[in-house]
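Everything numeric in this text was worked out from a predicted model, so none of it was measured.
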Amino acid sequence: MAFLRSRNQDITNKEIFHITTNSVVIGRNKECHITLEHNGVSREHARIFSDSNGYYLEDLKSRNGTFLNGTQITEQTLLHENDVIRFCEAEFVFSAGDPSQAVSPEPAAPVADLNLVKEMGDDESNTFEIKSKIQLVDKKPILTSANASIKLQAMIDIGRNLGADVHHVLPQLVNNLLKIFLQADCAYILLNDDQTGRLELKAFQYRDPDNQESFRISRTILEKVASSKAAILSDDVANDSRFDISESIVNYNISSIMAAPIMDYDNSEVLGVVQVDSRSSRSRFTYEDLDLLVSVAYQVAVSYQNAKLHEIAINERILEREMNIANTVQRGLLPLARPKIENYGFFDFYQPAKYLGGDYYDYIMLPDGRLVFALGDVSGKGAAASLLMAKLSAEVRSGLIIEKTFEDTIKRLNRVFSEPRWDNRFITFFFGVLNPKTNEIVFHNAGHIPPILVSTDGKAEMLGESIIGLPLGIMDDTEYPESSFVIETGQKLVVISDGITDAMNAQEKYFTLEGVLDYLRKSPSVATEDFGKNLMTAVHSFSGRTPQTDDQSVVIVGKDT
């Protein structure tokens, strides 16, 4: 009967796991045949199954991968006696024999997830030999108690600095590297520059304080580490055929060198490189040293990414504060209060989809007592649309002063926004004028949803559908004919932006223009302000918790008495 023997029972809480069926699933789920209570293990992480050829290991699309003898597997792989299987930090030795006859394996050496790469120093090979740590680490490093204490303290110091600003802590990190690796003469940390995309030196230190040599490093090593995303050890640099004799690494009599990549959280991007070198042929680095350097690189990566995330969080708070200020400024461009005209009531609503919106509405009292009311919708959303909305607000008011007629005013607006500087954006725009003395409303429509006239008998009809012109900014010579009607007591003129008709619910259905008309036809005859509130309550009840996808604006003019 085949079985797995745990190499770290502090994680698995058990030594022997029997494989009693033809298919054994391993994972965090309690329903698995072998349950591993570890956060990094997927619910169904991997399985071991058998056929006439033997036992196979298969990864079940786990989040952190399944490793066989240090190599991540991507397909069904035949198992052999004493193969080492790893799921995150849990390691097992596979055996097809009797567990009572098996020899207990040596405890697993602590390893990191990065590959170890040794540069071959003989002339017969010009490639990198990549091996798993299980193959490389065949004995434990011999340390005196004093050296072990120094290394442990240095690692503790690195851990303490994880929360600090990475640029301030880097000098201390390279100092700790020299404490950890007693044979090292120099330590370097390089990080990717956000602007150039190249590895730039951020900190270095020589063990000898009197050493005044300028910084030099082999770009060959840096490129190999960055491209392979693997740690590199060369224990005989002078005789390594891949180093050009003109390179500084040879000129400076470097005997042994190690370099490890500083990886991001998901090991997809190289953030930098940490490197140490030795000038003495009697003080060469070992694979155990390289394993430790990889661990240090992880510590640097955590510190670096924490600092980056902190910087991002600060910038996001600054941006949020600026956007809130911009939102306040934009709302300041809208009317501060609704008009007060005898016998008339008014309602307006404005809610951008984001901090800033492209919808616009305004009331403008003319010297002769007439009231201009307008509503516009700039194409797009966000900051660009909001800036164009501010321009529209200013141009409407200046156009009313400059031009003789309302038609000339809207034609002027169209010419302004037809200029190429607006990046081909357009604006749908409704422009109405109320004469309270005659109860007449005159309006022009530039590609906007037609205004809806609601009567007390439940009738809701769209006005001026035949005289709608093109949106502002499409063609500079567009005509905008005038339409007019007399509003009667109890009637209300409703002007909306398409954010109302495009309100969406959890089932991804839209409120639609027909939905607006249906609601208005069923609405009771109430004062204009209550009428508007009821409309918005209906829209928001329809969409529920579904996020708003477009700016929403409404202007309602009603003759209440």
Verify whether one side chain among Gln205 and Asn175 offers a donor that lies under 3.5 Å from an acceptor in the other. yes

Ser543 and Asn505: side chain donor to acceptor below 3.5 Å: no

Are more than 12 heavy atoms from other residues, nucleotides or ligands located less than 6.0 Å from atom CD of Glu419? yes

Using modelled atom types and a 3.5 Å cut-off, is there a donor and acceptor pairing between side-chain atoms of Gln330 and backbone atoms of Gly357? yes

Would you list the pairs meeting salt bridge (charged side-chain N to carboxylate O under 4.0 Å, His left out) in which at least one residue belongs to residues 486-503, sequence neighbours left out? none

Do the side-chain N and O atoms of Asp476 and Ser418 include a donor-acceptor pair separated by under 3.5 angstrom? no

Side chains of Ser497 and Asp377: do they bring a donor and an acceptor to under 3.5 Å? no

Distance check, rounded to the nearest 0.5 Å: Ile262 atom CD1 versus Glu269 atom CD? 12.0 Å

Using a 4.5 Å cut-off on heavy atoms from C-beta on, say whether the side chain of Ile341 contacts that of Met365. yes

With a 4.5 Å cut-off on side-chain heavy atoms, are Tyr188 and Val276 touching? no

Between the side chain of Arg63 and the main-chain N/O of Ser42, is any donor-acceptor distance below 3.5 Å? no

Do Pro450 and Leu463 make a side-chain contact, defined as non-hydrogen atoms from C-beta onward lying under 4.5 Å apart? no

Less than 4.0 angstrom from a charged side-chain N to a carboxylate O is my criterion; do Arg317 and Glu322 meet it? no

Consider side chain to side chain contact (heavy atoms under 4.5 Å, CB included). Of Val396, Leu375, Val378, Leu333, which one does Tyr360 pass it with? Val396

Under the side-chain contact (heavy atoms from CB on, under 4.5 Å) criterion, do Val555 and Phe347 qualify, and how do the steps go? CA-CA 6 Å; Val555 169; Phe347 174 82; over 6 Å; no

Search all heavy atoms of Val442 against all heavy atoms of Ser484 and return the closest pair with its distance. CG2-CB, 3.9 Å

Below 4.5 Å, heavy atoms only, C-beta onward: do Ile441 and Val433 meet side chain to side chain? no

Under 30°, 30 to 60°, or over 60°: which ring-plane class applies to Phe431 and Phe429, parallel, tilted or perpendicular? tilted

Are His448 and Phe443, when compared by the centres of their aromatic rings, separated by less than 6.0 Å? no

If we count only N and O atoms by modelled type, under 3.5 Å, do the side chains of Tyr480 and Asp408 hold a donor and an acceptor together? no

Tell me which pairs pass salt bridge (charged side-chain N to carboxylate O under 4.0 Å, His left out) where either residue lies in residues 389-400, with sequence neighbours left out. Asp362-Arg397, Lys391-Glu395, Glu395-Arg412

Donor-acceptor check, side chain of Asn192 to backbone of Val270, threshold 3.5 angstrom: yes or no? yes

Could you check Gln552 against Tyr350 for side-chain contact (heavy atoms from CB on, under 4.5 Å), going step by step and ending with a plain yes or no? CA-CA 6 Å; Gln552 296 180 347; Tyr350 171 80; over 6 Å; no

For residues Glu44 and Cys32, report the shortest heavy-atom separation together with the two atoms involved. CG-SG, 4.1 Å

For Thr409 and Thr405, indicate whether the former's side chain and the latter's backbone hold a donor-acceptor pair under 3.5 Å. yes

Scan for salt bridge (charged side-chain N to carboxylate O under 4.0 Å, His left out) pairs involving residues 327-353, sequence neighbours excluded, and state none if there are none. Arg338-Asp348, Arg338-Glu529

side-chain hydrogen bond (donor to acceptor under 3.5 Å, both in side chains) partners for Thr74, two or more places apart: none

Listed once per pair and sorted, the salt bridge (charged side-chain N to carboxylate O under 4.0 Å, His left out) pairs that draw on residues 366-375, sequence neighbours left out: Asp368-Arg370

More than 12 heavy atoms from other groups under 6.0 Å of CG on Leu336: no

Asn439 versus Lys559: any side-chain heavy-atom pair under 4.5 Å? yes

Quick one: does Leu520's side chain get under 4.5 Å of Phe531's, heavy atoms only? yes

Does this structure show an ion pair linking Lys411 with Glu403, if we count only N-O contacts that are shorter than 4.0 Å? no

Looking at Arg521 and Asp518, is any side-chain nitrogen of the basic one under 4.0 Å from a carboxylate oxygen of the acidic one? yes

For Leu371 and Pro339, the nearest pair of non-hydrogen atoms, with its separation, is CD2-CG, 3.9 Å

Looking at Ser553 and Ile500, what are the two nearest heavy atoms and their distance? O-CG1, 3.9 Å

Parallel, tilted or perpendicular: which one describes the rings of Phe87 and His45, with boundaries at 30° and 60°? perpendicular

Tell me whether Gln548 contacts the main-chain N or O of Asp550 through its side chain, where contact means a donor paired with an acceptor under 3.5 Å. yes

Using modelled atom types only, decide if a donor and an acceptor are shared between the side chain of Asp530 and the backbone of Val526 within a distance under 3.5 Å. no

Would you say the side chain of Val174 lies within less than 4.5 Å of the side chain of Phe204, judging by non-hydrogen atoms? no

Evaluate the ring planes of Phe346 and Tyr363, with Trp represented by its six-membered ring, and classify them as parallel (under 30°), tilted (30 to 60°) or perpendicular (over 60°). perpendicular

Heavy-atom closest pair, residues Gly447 and Thr428: O-CG2, 3.3 Å

Within this structure, what is the CG-CD1 distance for the pair Asn343 and Ile487, rounded to the nearest 0.5 Å? 11.5 Å

Hey, does the side chain of Ser541 reach the backbone of Ala538 with a donor-acceptor pair shorter than 3.5 angstrom? no

Considering only heavy atoms from C-beta outward, does the side chain of Gln351 approach that of Asp551 to under 4.5 Å? no

Test item: Ser393 side-chain N/O and Met389 main-chain N/O as donor-acceptor pair under 3.5 Å: no

Show the nearest heavy-atom pair for residues Pro451 and Val495, with the distance to one decimal. CB-CG2, 4.2 Å

Does atom CD of Glu508 have more than 12 heavy-atom neighbours from other groups under 6.0 Å away? no

Among side-chain atoms of Thr537 and Asn534, is any donor-acceptor pair under 3.5 angstrom? no

Verdict with supporting geometry, Tyr344 and Asp560, side-chain contact (heavy atoms from CB on, under 4.5 Å): CA-CA 5 Å; Tyr344 281 87; Asp560 290 342; over 6 Å; no

Examine distances only and state if a side-chain atom of Asn414 and a backbone atom of Phe417 form a donor-acceptor pair shorter than 3.5 Å. no

Can you tell me how far apart CD1 (Ile410) and OG1 (Thr478) are? Round to the nearest 0.5 Å. 10.0 Å

Is the count of non-hydrogen atoms from other residues, nucleotides or ligands lying under 6.0 Å from Tyr510 atom OH greater than 12? no

State whether the number of non-hydrogen atoms from other residues, nucleotides or ligands found under 6.0 Å of Arg545 atom CZ is greater than 12. no

With sequence neighbours excluded, residues passing side-chain hydrogen bond (donor to acceptor under 3.5 Å, both in side chains) with Thr512: none

Return yes if some donor-acceptor pair links the side-chain N/O of Thr328 with the main-chain N/O of Asn324 below 3.5 Å, else return no. yes

Looking at CD of Gln275 and CG of Leu177, how far apart are the two atoms once the value is rounded to the nearest 0.5 Å? 11.0 Å

